[in-house]
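What follows is a short report on a single structure.
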Protein chains: 2
Amino acid sequence: MDVENILRQSNLKITPQRKTILKVIAESDIILDSQEIYQESARLLPSINPSTVYRNLDILLQSGLICKINTQENSAKYRIREQGSHHHHIICKKCGTSIPLDFCPMEELDNKLEKIGFTPTEHRFEIFGYCQKCSK
Amino acid sequence: MDVENILRQSNLKITPQRKTILKVIAESDIILDSQEIYQESARLLPSINPSTVYRNLDILLQSGLICKINTQENSAKYRIREQGSHHHHIICKKCGTSIPLDFCPMEELDNKLEKIGFTPTEHRFEIFGYCQKCSK
DNA sequence: TCCTAATTGCAATATATTTGCATTTGCATT
DNA sequence: AATGCAAATGCAAATATATTGCAATTAGGA
């Protein structure tokens with residue numbers, strides 16, 4: 001699906017700026033910070049402004065179209081959030097409910113592992129505890 | 001062991017500022033950002049300067065005495081790094097080596113889980129792959 | 001085509017962090 | 001104990017990152 005329809009599905013107004021920003025994030029193989037998103041967007045749409053990028057990153061985040069990733073650097077990074085994409089689970093020990101969690105610790109570890117020469121192939125991450133209902 | 005000896009062991013010069021900063025981090029139950037570390041240090045040592053805090057955070061990080069934690073907020077957070085403290089493992093599938101990793105994804109998830117009313121009690125995080133030797 | 005709320009650009013502001021430089025200080029060595 | 005010097009500090013300025021107010025523009029439904 002193209003960015004225009006993705007935005008429409010999320011009930012977001014379609015503007016050239018917003019389309020460009022989402023396109024830049026969606027088509028990147030790597031996670032990008034706001035500067036990089038701005039620069040690449042400006043290449044495609046020179047009139048675009050940094051504030052517009054920041055504001056749209058917030059909106060796209062709210063709408064669940066992108067993810068914010070925490071890294072050791074002091075600028076936030078973003079990537080596209082596709083349905084069915086990689087995620088982990090929070091599991092309730094009482095009722096067994098499995099809540100999907102759209103977060104993967106590997107994203108912020110890749111650099112660190114590369115430095116020590118480790119090539120990760122698989123990983124496992126699960127959280128156990130009590131869900132809202134069961135912890136009452 | 002007191003902060004003074006910890007610093008000595010790491011071959012770091014002992015200054016009132018450095019001692020105070022490490023003490024503040026070591027005695028906190030929660031992770032702190034640079035502002036909080038500065039404010040609490042300034043309470044104990046009013047003459048201390050923010051640059052000194054930043055510079056020492058870098059040095060303590062280099063020396064492995066503290067850890068930097070990635071969070072959603074746009075300020076970095078820190079905590080003390082004690083030997084034997086909570087950690088996870090990277091495991092080589094060929095030679096079986098288990099490399100300790102001083103990183104826990106839960107630290108940055110606590111807020112998120114609290115928001116959805118989930119009370120975590122346990123978690124599991126393991127990385128599998130090939131270590132430097134075995135990936136050649 | 002018209003209307004309105006949402007969006008944008010721009011400049012100003014806020015917040016977080018780094019850096020240059022003169023001064024001070026820890027500490028090894030005399 | 002006195003000395004020397006690299007390391008550390010304080011301060012101000014610079015840089016990086018992100019947010020906000022406001023007037024002008026624009027998307028998209030009526």
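Reminder, nothing fancy here: chain letters follow the sequence lines and each chain counts from 1. Since the model is a prediction, treat every value here as computed from it, not as a measurement.
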Residues touching DNA chain D, which here means a heavy atom under 4.0 Å, drawn from residues 67-81 of chain A = A:N74, A:S75, A:A76
Set of residues satisfying side chain to side chain contact (heavy atoms under 4.5 Å, CB included) with respect to [X], sequence neighbours excluded:
{"X": "B:K68", "value": "A:Q72, B:L61, B:A76, B:Y78"}
{"X": "A:N11", "value": "none"}
{"X": "A:Q132", "value": "none"}
{"X": "B:K13", "value": "B:R18"}

Partner residues of A:K112 under the salt bridge (charged side-chain N to carboxylate O under 4.0 Å, His left out) criterion, sequence neighbours left out = none
Which residues share a salt bridge (charged side-chain N to carboxylate O under 4.0 Å, His left out) with A:K77, sequence neighbours left out | A:D33, A:E73
For residues 89-98 of chain A, tabulate all N or O donor-acceptor pairs below 3.5 Å that involve a side-chain atom, not counting sequence neighbours.
residue, atom, partner, partner atom, Å
A:H89, NE2, A:H87, NE2, 3.3
A:K93, NZ, B:T121, OG1, 3.0
A:K93, NZ, B:E122, OE1, 3.3
A:K93, NZ, B:E122, OE2, 2.8

Atom-to-atom span, CG of A:L7 to C1' of D:dA27 - whole angstrom = 13 Å
Interface polar pairs with nucleotides 5-9 of chain D, N/O, under 3.5 angstrom:
residue, atom, partner, partner atom, Å
D:dA7, O4', B:K13, NZ, 3.2
D:dA8, OP1, B:R18, NH1, 2.9
D:dA8, OP1, B:R18, NH2, 3.1
D:dT9, OP1, B:T15, OG1, 2.5
D:dT9, OP2, B:N56, ND2, 2.8
D:dT9, O3', B:Q17, NE2, 2.8

Kindly indicate whether the side chain of A:L7, heavy atoms from C-beta on, has any atom under 4.5 Å from the side chain of A:L65.
-> yes
Terminal contacting nucleotides, 5' and 3', DNA chain C versus chain B (heavy atom, 4.0 Å) = C:dA16 to C:dC27
CD1 (B:I25) and CD1 (B:I37) are apart, to the nearest 0.5 Å, by 4.0 Å
Value rounded to 0.5 Å, distance of SG in A:C104 from CZ in A:F125 | 8.5 Å
What base-paired stems does DNA chain C take part in, with at least 3 consecutive Watson-Crick or G-U wobble pairs and both distances under 3.5 Å?
-> C:1-30 with D:1-30
Partner set under side chain to side chain donor-acceptor pair (under 3.5 Å) for A:D110, not counting sequence neighbours | none
Least distance between heavy atoms, B:I69 atom then B:E107 atom | CD1-OE2, 3.4 Å
